[in-house]
Amino acid sequence: MKASARVNANIALVKYWGKKNNQLIIPMNNSISMTTDGLHATTTVEFDEGLKKDNFELNETSYNKGTEYTNLVSFLDVVRMKAGKEMHAKVVSKTNFLTAAGLASSAAGYAALAKACNEALNLNLNDKELSMLARHGSGSASRSIFGGFVEWFKGEKEDGSDSYAEQLYNKEHWPDFRMIACITSKEAKQIKSRAGMKQTVETSPFYHAWIDSVEADLNAMRKGLKEKDFSLVGKTAEYNCLKMHATMITTKPSIIYWNAATMGLLHSIPKWREQGLECYFTMDAGPQVKIICLEKDVEEIIDNCKTLPGVVDFIVTAPGEGAKIIDKHLF
Ligand code: PMV
């Protein structure tokens, strides 16, 4: 009844922002991501007849009320329904990076929890089914089940049974592809993605433009990844991320995740590109900037970033592997 899993975070190259169904977590559009090899969550779950309620600890902090706790219990309810069991669970999770700061910690955490629950309760779910289960914790978690480059399908069915992720290419497909996470703030964000995207769908007048243009980005990204056309992948990811942030900024009330150091990077990266250093940016629901580049340019890019004020740390990631069960438990 106890199992542990380790899962890498993923960063989207074509983003997901907005749900068709908030309950079942069905996205408005497909998204494409890279699973990283540098940012991971480790989670241990134990289902126990003796527990009176679910217990949750994340990075040595216990939660027994509030949004984090409620979301966890809702996820475990989905698991319990699948398993036909009513037992409560103890969940302990650790990340090797900042949480709630736009670094996809919930994606790694919920994918790890889904994988560990599958093992602990002998659910025998395959990876496609696991990605659908992970989706119930955090939409982007569906993509972290797989390694390499991954697409999550919005699906067509009302019950979400065709909204799952699938690997496009494994991590060996493009071994010198890199994402450098530039940390510009270590503080937790004010607006969580779940609440933020709901507000965007409801209030941003730009939201329809995001949806109308995302299919073209998906096609360009699929082509760029297939042909390993770095410029096409980089340009598409950068523009797609700016369009997503345009919908965030035009939400009522406005959601602006960027800080001064974020802006410094956004101004500098295109300039470095003009000077012949090919790199692009992408950003999620937080102030961190992920620089997309090739391995040969990592050192020069980091040296350049160090000249900018406010960039406090760097995490270099390459395409990583998918979810795996581990023997070492956290409790
Ligand atoms: O899956 P969530 O609820 O953590 O939302 C993720 C949203 C973005 O990170 C901004 C985009 C994405 O596709 O990962």
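Counting starts at 1 for both ligands and their atoms, following the listed order. Treat the numbers as computed from the prediction; the structure is a model and nothing was measured.
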**Q.** Residue pairs passing the salt bridge (charged side-chain N to carboxylate O under 4.0 Å, His left out) test where at least one lies in residues 236-259, sequence neighbours excluded
**A.**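 As it turns out, the salt bridge (charged side-chain N to carboxylate O under 4.0 Å, His left out) pairs with a partner in residues 236-259, which skip direct neighbours, are D217-K243, E238-R273.
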Within ligand 1, which atoms have a heavy atom of [X] less than 4.0 Å away?
X: D284; value: 8 (C), 9 (O), 10 (C), 11 (C)
X: A12; value: 12 (C), 13 (O), 14 (O)
X: A285; value: 10 (C)
X: M197; value: 3 (O), 5 (O)

Q: Assess whether atom CD of E172 is packed by more than 12 heavy atoms of other residues, nucleotides or ligands within 6.0 Å.
A: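 Yes, because the 6.0 Å sphere around CD of E172 holds more than 12 heavy atoms from other groups.
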Q: Count the heavy atoms of every other residue, nucleotide or ligand shown that sit under 6.0 Å from NZ of K228, and state whether that count exceeds 12.
A: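 Enclosed: over 12 neighbouring heavy atoms sit under 6.0 Å from NZ of K228.
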Q: Starting from atom 12 (C) of ligand 1, find the nearest protein heavy-atom neighbour and note its residue, name and distance.
A: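 For atom 12 (C) of ligand 1, the nearest protein heavy atom is R143 NH2, 3.3 Å.
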Any N or O of [X] closer than 3.5 Å to N or O of ligand 1:
X: Y16; value: yes
X: K19; value: no
X: S138; value: yes
X: S140; value: yes
X: G139; value: yes

Q: Tell me, please, whether F331 has K2 positioned over its six-membered ring: NZ or CZ under 6.0 Å from the ring centre and within 45 degrees of its axis?
A: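 Yes, K2 lies over the aromatic ring of F331.
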Q) Side chain, backbone, both or neither: which part of S106 comes within less than 4.0 Å of ligand 1 when only heavy atoms are counted? A)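 Side chain only.
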Q: Run the ring-centre check on Y169 versus F149 and record whether the distance is less than 6.0 Å.
A: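 Aromatic pair excluded; centres sit 6.0 Å or further apart.
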Q | Note: E57-K90 ion pair, threshold 4.0 Å (strictly below) | A |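 Looking at E57 and K90, the cut-off is not met.
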Q.
Any carboxylate oxygen within less than 4.0 angstrom of a Lys/Arg side-chain nitrogen, looking at E119 and K115?
A.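 The answer is no: the pair does not qualify as a salt bridge.
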Q. Closest heavy-atom contact between G224 and W174?
A.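 For G224 and W174, the tightest heavy-atom pair comes out as O-CZ3, 4.0 Å.
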